[in-house]
S.K.: 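Just dropping this structure here.
Here the structure is a predicted model, which means the values were calculated and not measured. Reckoned from all heavy atoms, side chains included, excluding hydrogens, waters and symmetry mates.
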Amino acid sequence: MTTVTSPLAGQAIGLAAVPDPVFSGAMVGPGTAIDPERGPSEAVSPVSGIVVSLHPHAFVVVDDQGHGVLTHLGIDTVQLNGEGFELLVAKGDSVERGQAVVRWDPSAVEAAGKSPICPVVALEATPDSLSEVREAGDVKVGDSLFGWQ
């Protein structure tokens with residue numbers, strides 16, 4: 001089983017509360033979402049593995065079991081063209097759980113008119129393959145968000 005941990009500090013809100021139908025409808029995959037603390041911060045890897053996709057606003061890390069975890073920093077943030085995001089690793093890098101991947105500021109995302117809410121999604125998973133999905137309450141960086149069989 002893979003434990004997926006929080007890449008950010010904030011409030012767990014669950015995917016259904018994400019203001020985007022693709023995420024809230026779990027079309028990308030099951031998981032949860034974090035309403036991040038405001039102010040400059042670093043989004044860290046939720047699992048140890050290889051960075052297989054890396055954009056300023058989103059990244060995917062695949063663990064040694066082949067589980068791909070998407071961390072999406074805000075909603076519609078692709079429209080910011082990378083402004084306000086700083087990549088701290090490269091595509092293809094091996095990362096450890098908790099290693100900083102992107103530096104960003106949820107307050108700046110909000111000021112640009114976008115939602116800073118961050119889906120954390122188990123790609124190509126089924127809802128019944130996840131357990132103990134965190135959908136409410138305070139989360140710190142590294143707290144468990146869900147288990148993945």
S.K.: Quick one: do Val60 and Val51 satisfy side-chain contact (heavy atoms from CB on, under 4.5 Å)? Show the steps, please.
M.R.: CA-CA 6 Å; Val60 175; Val51 179; over 6 Å; no

S.K.: Which pair of heavy atoms, one from Ser6 and one from Val139, lies closest together, and at what distance?
M.R.: OG-CG2, 3.9 Å

S.K.: Compare all side-chain heavy atoms of Pro36 with those of Trp104 and state whether any distance is below 4.5 angstrom.
M.R.: yes

S.K.: Would you find a donor on one side and an acceptor on the other, under 3.5 Å apart, between the side chain of Ser129 and the backbone of Ala125?
M.R.: no

S.K.: Keeping the roles fixed (side chain from Ser144, backbone from Thr5), state whether a donor-acceptor pair exists under 3.5 Å.
M.R.: no

S.K.: In terms of hydrophobic clusters joined by side-chain contacts under 4.5 Å, are Val62 and Leu87 together?
M.R.: no

S.K.: Test your reading of the model: is there a side-chain donor-acceptor pair from Asp93 to the backbone of Val95, 3.5 Å cut-off?
M.R.: no

S.K.: CD1 of Ile34 to CG of Asp143: how many Å apart, nearest 0.5 Å?
M.R.: 9.0 Å

S.K.: If I compare all heavy atoms of Pro7 with all of Leu145, which pair ends up nearest, and what's the gap?
M.R.: CD-CD1, 4.0 Å

S.K.: Is there side-chain contact between Val121 and His72, with heavy atoms separated by less than 4.5 Å?
M.R.: no

S.K.: So if you build clusters from Ile, Leu, Val, Met, Phe, Trp, Tyr with side-chain heavy-atom gaps below 4.5 Å, do Phe59 and Leu88 land together?
M.R.: no

S.K.: What about Val28 and Val69, same hydrophobic cluster or not, with Ile/Leu/Val/Met/Phe/Trp/Tyr joined at side-chain heavy-atom distances under 4.5 Å?
M.R.: no

S.K.: Begin with the C-alpha distance, continue with both residues' side-chain angles, and end with the deciding distance and a verdict on side-chain contact (heavy atoms from CB on, under 4.5 Å) for Ile50 and Val61.
M.R.: CA-CA 5 Å; Ile50 306 291; Val61 178; 5.9 Å; no

S.K.: To the nearest 0.5 Å, what is the distance between SG on Cys118 and CD1 on Ile75?
M.R.: 7.5 Å

S.K.: Atom CZ in Phe146, atom CD in Glu135: separation rounded to 0.5 Å?
M.R.: 10.5 Å

S.K.: From Asp35 CG over to Ile13 CD1, what is the distance, rounded to the nearest 0.5 angstrom?
M.R.: 5.5 Å

S.K.: So, do Thr71 and Val101 sit near enough that their side-chain heavy atoms are less than 4.5 Å apart?
M.R.: no

S.K.: What closest approach, in Å, do Pro106 and Gly39 show between heavy atoms, and which atom pair accounts for it?
M.R.: CD-O, 3.1 Å

S.K.: Using 0.5 Å steps for rounding, measure from the CG atom of Leu130 to the CE atom of Met1.
M.R.: 10.0 Å

S.K.: May I ask you to check whether Phe85 and His57 place their ring centers less than 6.0 Å from one another?
M.R.: no

S.K.: Starting from the C-alpha separation in whole Å, work towards a yes-or-no answer on side-chain contact (heavy atoms from CB on, under 4.5 Å) for Leu73 and Leu8.
M.R.: CA-CA 10 Å; Leu73 302 175; Leu8 303 152; 4.2 Å; yes

S.K.: Do you know which two heavy atoms are closest between Met27 and Pro21, and how far apart they sit?
M.R.: CE-O, 3.3 Å

S.K.: Are Val22 and Leu123 in one and the same hydrophobic cluster, where Ile, Leu, Val, Met, Phe, Trp and Tyr link if side-chain heavy atoms are under 4.5 Å apart?
M.R.: yes

S.K.: Hey, does Leu70 have a side-chain heavy atom less than 4.5 Å from the side chain of Phe23?
M.R.: yes

S.K.: Is a donor on one side and an acceptor on the other found under 3.5 Å between the side chain of Glu83 and the backbone of Leu80?
M.R.: no

S.K.: Which pairs with one or both residues in residues 101-115 pass salt bridge (Lys or Arg N to Asp or Glu O under 4.0 Å), sequence neighbours excluded?
M.R.: Arg38-Glu110, Glu42-Arg103, Glu86-Arg103

S.K.: Looking at every non-hydrogen atom in both residues, tell me the closest pair between Gln99 and Ser94 and how far apart they are.
M.R.: OE1-O, 4.2 Å

S.K.: Counting only N and O atoms by type, is there a donor-acceptor contact under 3.5 Å from the side chain of Ser48 to the main-chain atoms of Arg97?
M.R.: yes

S.K.: I need the minimum non-hydrogen distance between Pro119 and Leu15, along with the two atoms involved.
M.R.: CB-CD2, 4.0 Å

S.K.: Do Val120 and Trp148 share a hydrophobic cluster, counting only Ile, Leu, Val, Met, Phe, Trp and Tyr and linking them when any side-chain heavy atoms are less than 4.5 Å apart?
M.R.: yes

S.K.: Only counting residues at least two apart or in another chain, list the ones meeting side chain to side chain contact (heavy atoms under 4.5 Å, CB included) with Gln65.
M.R.: Thr2, Asp63, His67

